[in-house]
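Working notes for the structure below.
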Amino acid sequence: MKKLTGLLALTGLLGSVAMAQSIQAVKVSGDVTKITPSSKAWRAVKLNEVTLYPQTTIKLNDKKANELNADRKAFNAKVGALYDGKNIAIKIVWPDSTKNTQNSSDSDSYADGFAMQFANSVSNVNELPYIGMGSKGRDVTVVLQKAVEATYEPDGKGDVSLQVNGRNTNYFNKELEIFHKQVDSLSNTDYQRAFVAEGFRSMTEIKDGSMKFNSVMTHKKGKWSGVVTKTMVDSYTKLDSKAFPVVFAVWDGDKNNRDGLKMLSSWVSVNLVKGETELSKVTNEVVKGDIAKGKQVAMDNCAACHHFEDATFAPANMAPNLENIGGYATASYLRESIDKPSAVVVPGYNRNSHPAYEWYTLGENGERTSTMPAYDWLSAEDKTNLVAYLQTLKAESK
Amino acid sequence: MYWNNVETYPGTGYPKNWMNLGGGFNESGDIQEGIVPNIESDYGIPWDYNFDELQHGKELVPNQTPVWGPNWDEDVGAGNFPSDNYFFYIPRICNHCSNPGCLSSCPRDAIFKRDQDGVVLVDLDRCQGYRYCIAGCPYKKIYFNPKISKSEKCILCFPRVEKGLPPACSQQCVGRIRFVGFLDDVESQVHKLVHKYKVALPLRADRGTNPNIFYIPPTETPPKFDAEGRVIEGSNRLPIEELETLFGKEVHNSIRIINEEKKRRAETGKSELLDILIAFKHSEMFRLDNEYYRGYEAHKNNPLKPVDERYVSGKHTKKISHFKAH
């Protein structure tokens with residue numbers, strides 16, 4: 001019996017080490033906006049491990065992709081940050097044995113990619129935006145980089161003569177080569193985008209250049225390294241406090257990943273000051289409770305609508321799937337959602353795709369009320385045990 | 001990618017085996033999983049020849065071994081020539097469904113159905129090329145354009161429609177088989193074909209998207225021949241089960257009504273249905289009164305725009321545009 005207890009304690013310890021969801025940003029002199037994954041400046045930074053979990057809150061409708069991603073495991077990425085007082089550079093290194101780029105001739109090939117999500121404002125560290133592209137009133141900014149060979153998005157310049165197949169022109173030999181070069185000059189080979197969003201489906205690209213950012217990704221020896229650099233304070237984000245939260249997501253083109261088919265972290269605190277911060281306490285919090293009792297509370301109260309672990313008897317699509325909620329939700333978020341489900345309403349699926357199960361109802365002015373009733377009446381002990389149990393719900397690591 | 005194709009039935013269709021690639025809705029209205037077709041093996045890339053090498057004495061060869069292409073199985077059909085072979089054509093464009101599978105699959109709210117006429121469009125400004133729409137469309141009539149990394153589809157030539165002109169495919173169809181109008185306009189020929197006479201039927205309505213393209217099924221097929229090449233009286237080369245698969249059980253009723261009207265026409269010289277099907281005048285086939293659109297603009301105080309207004313403010317501004325969830 002003693003031996004068994006010892007083993008459990010060890011597992012618990014390992015678990016809490018993996019949960020260290022904070023990184024220490026290193027201040028450097030000079031400009032960090034030109035920093036790439038291979039810059040020497042990164043030698044000053046000790047990269048921290050952050051675990052990425054499969055996004056399973058909603059399931060999309062690509063049959064082949066769903067088969068390829070059926071048994072995804074969590075894996076670790078290494079992240080770190082550098083800042084110069086005005087700009088910040090954040091790095092992520094993650095394993096991916098195959099380099100997948102999206103070319104401009106395939107209909108069903110997909111790109112590797114990564115994204116970083118920033119909270120646009122944090123007035124209360126216990127009320128961070130929803131992990132999946134923010135939530136109403138808690139908007140986020142997302143920087144996305146995909147490994148794309150070339151795209152020819154219409155640029156509105158009316159260069160229609162260059163939008164035809166070379167075979168359909170009157171050109172031959174040299175002239176044809178010149179034509180192809182002109183076409184190539186229209187291509188965009190660096191697929192980096194910035195978006196604002198307040199929940200699934202609402203992402204809207206920032207196209208007016210009002211956000212200064214850059215992102216780079218390089219593949220070497222079975223690993224991708226990506227860096228996002230951006231101005232710390234702009235009209236979207238204010239990243240100059242003691243700490244700010246960021247979420248990492250990566251896509252594997254080999255597994256037809258795109259959009260919600262991704263691996264993502266929980267909120268990670270980027271600390272600009274030494275030691276723990278209010279924010280890192282939130283992102284690192286592991287609730288101690290009776291997990292077995294917590295599971296019973298979940299079975300009694302949550303399983304009628306949500307799927308998690310072996311509780312899969314609720315109709316599919318009825319409510320957010322919780323099987324990885326412990327991987328990417330903070331304890332604060334879980335407590336808030338139990339007490340006030342409408343504080344953060346997960347928009348979820350397109351409203352026409354599963355009409356029998358609405359995740360929210362709309363008021364006259366478009367305000368969303370979660371279909372989930374509040375469970376604020378649960379005893380404090382039940383809530384603690386429930387949150388402790390929910391935090392254990394996550395895919396195993398590779 | 002062909003937004004508008006004519007395929008031989010029975011056949012693999014375009015893209016290949018589109019009827020088996022999923023999408024659409026089940027009986028409880030849940031979107032179904034589907035498959036994104038491959039450009040080479042499912043759509044087929046037209047192959048090319050080494051024309052420029054001919055001047056150097058080379059032999060004309062294709063640049064790849066042609067194994068598949070659009071209309072690869074054209075006119076093949078089923079059965080054995082000459083005794084009982086058969087086929088017919090299905091022209092296919094986007095069905096501009098009332099419950100579009102593409103729209104419901106989009107995790108970006110990039111696809112919308114216009115209030116004024118139900119045309120289903122992709123907002124290319126919002127589309128991020130995820131391709132779930134292709135999986136969700138049971139007709140595979142929305143396509144991924146890999147050049148621009150976005151999905152595109154038939155727009156029912158809405159800029160023409162707004163001016164009272166039919167979509168170009170309908171206008172130039174020499175067989176005059178494409179009628180266009182508003183289903184709720186009781187004077188329109190489409191209303192009469194669909195609702196009054198109930199002879200025009202939706203394709204694969206069992207996929208739950210409420211398609212808005214309606215087909216008049218083939219009613220007459222030649223009889224079969226016996227081993228000596230003699231006509232088998234009363235036989236029919238086209239198995240009715242094939243039509244049931246495409247158009248449902250209602251196809252029996254549709255065929256019966258058309259045959260009755262033919263008989264009536266033969267006996268009395270009169271049949272409104274046959275007059276419609278003869279397609280005498282474009283002006284009657286296409287009842288797209290442009291006053292409707294002008295009225296719509298005036299009434300809604302909202303000039304018609306080619307893109308969904310919901311997102312325009314998000315396009316080049318700093319502020320997020322709050323989408324109108326419904």
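First the proteins, then the strands, lettered A, B, ... as listed; each starts at 1. Worth knowing before you read on, the calculation uses all heavy atoms, side chains too, and leaves out hydrogens, waters and symmetry mates. Worth saying up front: this structure is predicted, and the values here are computed from it rather than measured.
Side-chain contact check for B/Asn145 versus A/Tyr152: every heavy-atom pair is 4.5 Å or farther apart. The closest side-chain heavy-atom distance from A/Leu60 to B/Pro107 is below 4.5 Å.
Distance check, rounded to the nearest 0.5 Å: CG of A/Asn61 to SG of B/Cys137 gives 11.0 Å. With rounding to the nearest 0.5 angstrom, the CD atom of A/Gln102 is 4.0 Å from the OG atom of B/Ser149. With rounding to the nearest 0.5 angstrom, the NZ atom of A/Lys63 is 10.0 Å from the CG atom of B/Leu21. A distance of 9.5 Å separates OG1 of A/Thr151 from CD1 of B/Ile148, quoted to the nearest 0.5 Å. Between atom CD of residue A/Gln163 and atom NZ of residue B/Lys147 there is a gap of 11.0 Å, rounded to the nearest 0.5 Å. Separating the CG atom in B/Asp42 from the CG atom in A/Asp108 is a distance of 7.5 Å, to the nearest 0.5 Å.
The minimum heavy-atom distance between B/Tyr130 and A/Tyr110, with the atom names listed, is O-CE2, 4.2 Å. Contact record, A/Asn352 with B/Leu103: ND2-CD2, 3.0 Å, taken as the closest heavy-atom pair.
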Next on the checklist: For A/Asn350 and B/Tyr132: C-alpha separation, side-chain torsions, deciding distance, then whether side chain to side chain contact (heavy atoms under 4.5 Å, CB included) applies.
Outcome noted: CA-CA 12 Å; A/Asn350 185 302; B/Tyr132 294 112; over 6 Å; no
Checklist entry - Run the salt bridge (charged side-chain N to carboxylate O under 4.0 Å, His left out) check on B/Asp125 and A/Lys207 step by step: do they pass? => result CA-CA 10 Å; B/Asp125 200 48; A/Lys207 285 189 170 178; 2.3 Å; yes
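Remark: side-chain polar atoms of B/Arg126 are paired, donor with acceptor, to backbone N or O of A/Arg201 under 3.5 angstrom.
Heavy-atom distances place no part of A/Ile58 under 4.5 Å from chain B, backbone and side chain included. Heavy atoms of A/Asp62 lying under 4.5 Å from chain B belong to its backbone as well as its side chain. Of the atoms belonging to A/Phe172, not a single heavy atom falls under 4.5 Å from chain B. Heavy-atom distances place no part of A/Tyr349 under 4.5 Å from chain B, backbone and side chain included. For A/Ser109, the part sitting under 4.5 Å from any heavy atom of chain B is the backbone (N, CA, C, O) and nothing else. Only the backbone of A/Asn103 comes within contact range of chain B, with at least one heavy atom under 4.5 Å from a heavy atom of that chain.
Cation-pi geometry between A/Arg258 and B/Phe144 is not met: the NZ or CZ atom fails to fall both under 6.0 Å from the ring centre and inside 45° of the normal.
Of all residues in residues 25-38 of chain B, those placing a non-hydrogen atom less than 4.5 angstrom from a non-hydrogen atom of chain A are B/Phe25, B/Ser28, B/Gly29, B/Asp30, B/Ile31, B/Gln32, B/Glu33, B/Gly34, B/Ile35, B/Val36, B/Pro37, B/Asn38.
At most 12 non-hydrogen atoms from other residues, nucleotides or ligands lie less than 6.0 angstrom from CD of B/Glu40. In A/Lys262, the NZ atom is crowded: over 12 heavy atoms of neighbouring residues, nucleotides or ligands sit closer than 6.0 Å. Within 6.0 Å of atom NZ in A/Lys59, 12 or fewer heavy atoms from other residues, nucleotides or ligands are found, so the atom counts as exposed in its surroundings. For A/Asn165, the CG atom sits in a packed shell: over 12 heavy atoms of surrounding residues, nucleotides or ligands are nearer than 6.0 Å. For B/Gln55, the CD atom is densely surrounded, since the number of other residues' heavy atoms within 6.0 Å is greater than 12.
Residue with the most contacts toward chain B among A/Gly366, A/Ser105, A/Ala316: A/Ser105 (heavy-atom pairs, distance under 4.5 Å).
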